[in-house]
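First comes the structure, then the notes that go with it.
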Amino acid sequence: MSDENAAESSSEPLDSPEDLEASSEERASIRAQRLERVGQLRASGVDPYPYRFERSSDIGPVRDEWGTIEAGTETGVVVRLAGRLMLKREQGRLTFGQLRDRTGEIQLFVSAGVLGKEFFGEFNQLDRGDWVGVEGEIMATKKGELSVKVSDWVLLSKALRPLPDKWKGLADVDARYRQRYVDLTVNPDARRVFETRFAAVDAIRRVLRERGYLEVETPILNLQQGGATARPFITHYNALTLDTYLRIALELPLKRLLVGGLDRVFEIGRVFRNEGIDTRHNPEFTMLESYEAFADYSDMMELVEVLVSSAAVAANGTTKVELRGTSVDLAPPWRRVTMVELIKEVVGVDINPEMELSETRAILDGLGLEWKDSWGPGRCTHEVYDELVESKVMEPTIVFDHPRETSPLAKPHRSDPSLVERFEVIVDGRELANAYSELNDPVEQLARFQEEAANKAAGDPESGDVDLDYIRALEYGMPPAGGLGIGIDRLVMILAAVESIREVILFPTLRPEHGLTDEDFSAGPTV
RNA sequence: GCCUCUGUGGCCAAGUUGGUUAAGGCAGCGGACUUUUAAUCCGACGAUCGUGGGUUCGACCCCCACCGGAGGCACCA
C-alpha cells in the first residue's frame with residue numbers, strides 16, 4: 001500500500017461518518033485495510049474469491065513422499081497445492097510461507113528471482129489467514145526444510161479478519177466455542193480432539209457394519225415422549241397444529257424395526273434433553289443405539305467391549321488412556337460385577353430390591369441419603385449406587401442386574417424377579433454405556449408404560465407417555481434382542497482425555513452473543 | 001435456578017492500601033534484509049478497561065444491576 005495514511009484517515013469512505021462510530025472504525029482498521037486491498041485486487045482484474053483450483057495432491061502425501069530428502073535437494077518434481085497461509089516470513093527478496101491443508105503443512109519458498117519483482121511483491125501482500133493455491137518444484141532448503149519453490153500462485157480467498165496470536169493461539173474459551181472455525185484454525189489441540197472423535201465414530205460404524213448391522217435413521221420430531229426419562233424440548237408443528245417432542249432417545253423406533261424384521265440395526269444420532277449445561281451435559285448430544293435380535297445382554301457386554309476398544313485403537317492407536325493422572329486400559333475383558341455386589345464392595349452395605357421398603361429406607365437414612373415416598377426398594381438401591389458408587393469406579397466396569405423398578409424397557413431377570421437384565425459401563429466414574437435384554441412382552445410393557453404415565457400425570461416432567469403404537473408393534477411380536485446405547489460424546493471425552501463435553505462438540509450450546517452488530521461488518525469500498 | 005470466580009486494543013497479557021499520558025508481546029502499517037523456522041533489526045500507530053448506574057476531588061481497581069464465559073450445586077447421559 002503506497003499511502004500508509006489512507007487506512008487511518010477518518011475521511012476515507014470505509015465507515016459511516018458518525019462520530020459515535022469512531023471506536024468501531026478503529027476496531028475495524030485491519031478489516032478496513034484488507035477491504036481496501038480487495039478493492040485494489042478487483043481494480044487490477046484479480047478476483048479475490050475465485051471459483052476453483054486444480055491441485056495435484058494434498059499436502060500430507062507430499063510430506064510422506066518427500067519429507068526425507070537431503071538439505072539443498074531440488075527434485076524437479078512440480079506440484080500444485082492449496083491451503084491456508086499460516087505464517088509468512090519476509091526477508092527482502094525472499095519470503096517463506098507456511099501453507100496448511102487438512103492433511104499437513106509445507107513451507108513455501110518464494111523468491112523475487114523466480115517470480116519477478118512485481119509478482120513477488122504481490123505475494124508479500126498476502127496476509128496470514130488467506131487461502132492460496134501454489135505451483136512449484138519440491139525442494140529442501142539449505143537447512144533441510146521441505147518446501148515448494150513457488151513458480152506460480154493464486155489467491156483463493158482473502159481473509160478480512162486477522163488470525164489470533166500465531167504462538168499463543170486463541171485462549172478465550174468463549175471465543176473458542178463461538179468461533180470454532182478460528183479455534184480449529186489456530187489451536188492444534190482442537191483439531192486433535194475432533195480427529196479423535198471422527199476416528200472413533202468411524203471405527204464404531206465399521207465394527208457394526210462388519211457384524212451385519214444396518215444403519216438407519218428415525219424421526220427426531222415425535223408426538224410422544226419415551227425411550228428414557230428426561231425432560232424433553234417441545235416445539236410446534238404449524239401444518240398439523242401440533243406440539244411435538246424432540247427425541248430424548250432412539251430406542252422405541254429402533255425396536256419397532258426389530259419387529260419389522262430388520263434384525264440388526266443401529267443409529268448414531270442427536271438426541272435432545274431439556275436439562276442443564278455443565279462439563280458433562282449438553283442439551284443436544286450424540287447417542288449410538290444398536291439392537292440385535294436373538295441376543296441378550298450378555299452379548300451386549302461383548303459388543304460394547306469390542307466397540308469401545310476398537311474406537312480407542314482407531315483414535316489413539318492404543319487402548320490405554322491417561323485420565324487425570326491415572327492410566328486406564330480399555331482393553332477387554334472388563335470387570336463384570338452386579339450392582340448389589342458393587343454396592344457392598346464400595347459402600348460396605350447390603351441393600352437389594354428384594355428387601356422390605358422400610359429396611360431400604362433405613363439404609364439410606366444411615367448413609368445420609370434422602371429418599372422420596374414414591375420410591376420402592378429398587379429405586380432406593382439404585383440411589384445408593386448413583387450417589388456413592390458410580391463416581392468411585394475408574395477402570396472400565398460392567399455393572400449388571402439393575403433393579404426392575406428403574407428400568408421400564410428392560411426384560412425381567414431370568415432368575416430374579418426383582419431385577420432386570422440390564423448393565424451400565426462405568427469408566428472414570430461416569431456412565432459410558434447402557435444395555436438390556438429388551439423387554440418384548442407387550443402386556444408387561446403396557447403395564448410399565450402405564451406406571452410411567454401415572455407418574456407424568458402426577459407431575460413428573462421426565463416420565464414418558466403410553467406409546468400405544470409401540471405396544472401394538474410388540475403385539476405383532478418382537479424377537480428376543482439385546483440393545484446397547486453408548487454416549488458418543490462421553491466416549492470421545494475419555495478417548496481425548498478432556499474434562500468438558502464442550503471440547504468434543506463442535507458447536508456447543510451457548511447463550512446468545514451480544515455486541516455483534518451490522519456496524520462490525522461495514523462493507524467498505526468493495527461492493 | 002443457586003453459589004464462587006471471571007470479562008483490559010484483532011489475538012496473548014501486566015496492572016489492589018483507588019492518584020497525573022493503562023506495561024509488554026503477536027498481528028497490522030512504514031523501512032532494512034535471498035535460506036527463514038514464533039526469522040531478526042529500526043520506526044510510527046492502535047484501548048471510551050463487557051454494558052449501565054453509583055460512591056469519590058479522582059475508578060481498570062470499591063458498590064449495585066444487567067450481559068457473556070468458567071467451575072461447583074441441583075437434574076440428568
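Note that these values count all heavy atoms, side chains included, but never hydrogens, waters or copies made by symmetry. Order of the sequence lines sets the chain letters (A, B, ...), proteins ahead of strands, with each chain counted from 1.
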Review point. Which nucleotide in the list B:U35, B:G72, B:A38 gets nearest to the side chain of A:K142?
Key: B:U35

Practice item. Tell me, please, whether A:Y245 has A:R273 positioned over its six-membered ring: NZ or CZ under 6.0 Å from the ring centre and within 45 degrees of its axis? Key: no

Check your understanding: With respect to the phosphate group of B:U37, does any side-chain polar atom (N or O) of A:R89 fall under 4.0 Å of OP1 or OP2?
Key -> no

Review point. Any idea which of B:U37, B:G71, B:A77 is nearest the A:R273 side chain?
Key: B:A77

Check your understanding: Hey, can you pull the residues of residues 420-438 of chain A with a non-hydrogen atom under 4.0 angstrom from RNA chain B?
Key -> A:E431

Review point. Counting any heavy atom closer than 4.0 Å, what does A:R178 reach on the DNA or RNA strands: base, sugar-phosphate only, or nothing?
Key: sugar-phosphate

Review point. Quick one: is B:A70 close enough that its OP1 or OP2 comes under 4.0 Å of any side-chain N or O from A:R502?
Key: yes

Review point. Taking A:R490 for the side chain and A:E431 for the main chain, is one N or O donor matched with an acceptor at less than 3.5 Å?
Key: yes

Study note, to complete from the structure: Among the nucleotides B:A38, B:C29, B:U34, whichever has the atom closest to the side chain of A:R93 is B:U34

Check your understanding: If you look at every strand shown and take non-hydrogen atoms under 4.0 Å, does A:G113 touch a base, only sugar-phosphate, or nothing?
Key -> base

Exercise for review: Report which part of the nucleic acid A:K166 touches: base, sugar-phosphate, or nothing (heavy-atom distance under 4.0 Å, all strands).
Suggested key: sugar-phosphate

Practice item. Using a cut-off of strictly less than 4.0 Å, decide whether A:R511 has a side-chain nitrogen or oxygen near OP1 or OP2 of B:G69. Key: yes

Practice item. Compute whether any side-chain donor of one residue and acceptor of the other, for A:N124 and A:T95, lie under 3.5 angstrom apart. Key: yes

Review point. Ignoring hydrogens and geometry, is there a side-chain-to-backbone donor-acceptor pair from A:N187 to A:L184 under 3.5 Å?
Key: no

Check your understanding: What does A:D174 touch in the nucleic acid at a heavy-atom separation under 4.0 angstrom: a base, only the sugar-phosphate, or nothing?
Key -> sugar-phosphate

Check your understanding: Does the separation of the ring centres of A:F266 and A:Y291 fall below 6.0 angstrom?
Key -> no

Revision key, fill the gap. Regarding the side chain of A:D127, the nearest nucleotide among B:G69, B:U37, B:C29 is B:C29

**Study point:** P gap between B:U48 and B:A22, integer Å
**Key:** 12 Å

Review point. How is A:N282 classified with respect to the nucleic acid when contacts are heavy atoms under 4.0 Å: base, sugar-phosphate, or nothing?
Key: base

**Study point:** Test applied, salt bridge (Lys or Arg N to Asp or Glu O under 4.0 Å); reference residue, A:R247; option that passes from A:E284, A:E267, A:E289, A:E217
**Key:** A:E267

Check your understanding: When you compare B:C29 with B:U35, how far apart are their P atoms, in angstrom units rounded to a whole number?
Key -> 23 Å

Check your understanding: Would you call A:F96 stacked on B:A39, i.e. ring centres under 5.5 Å apart with the planes less than 30° off parallel?
Key -> no

Point to revise | Closest nucleotide among B:U37, B:C29, B:C12 to the A:L170 side chain | key: B:C12

Check your understanding: For B:U37, does either OP1 or OP2 sit under 4.0 Å from a side-chain N or O belonging to A:T141?
Key -> no

Check your understanding: How is A:A230 classified with respect to the nucleic acid when contacts are heavy atoms under 4.0 Å: base, sugar-phosphate, or nothing?
Key -> nothing

Practice item. Quick one: label A:Y177 by what it contacts on the DNA or RNA (base, sugar-phosphate, nothing), any heavy atom closer than 4.0 Å. Key: sugar-phosphate

**Study point:** Distance-only side-chain donor-acceptor flag, A:T185 / A:R180, under 3.5 Å
**Key:** no

Exercise for review: May I ask you to decide whether A:D401 forms a salt bridge with A:R422, counting only side-chain N to carboxylate O separations under 4.0 Å?
Suggested key: no

Review point. With a 4.0 Å cut-off on heavy atoms, is A:T95 in touch with a base, just the backbone sugar-phosphate, or nothing at all?
Key: nothing

Check your understanding: Could a donor-acceptor pair under 3.5 angstrom be found where the side chain of A:D278 meets the base of B:G72?
Key -> no

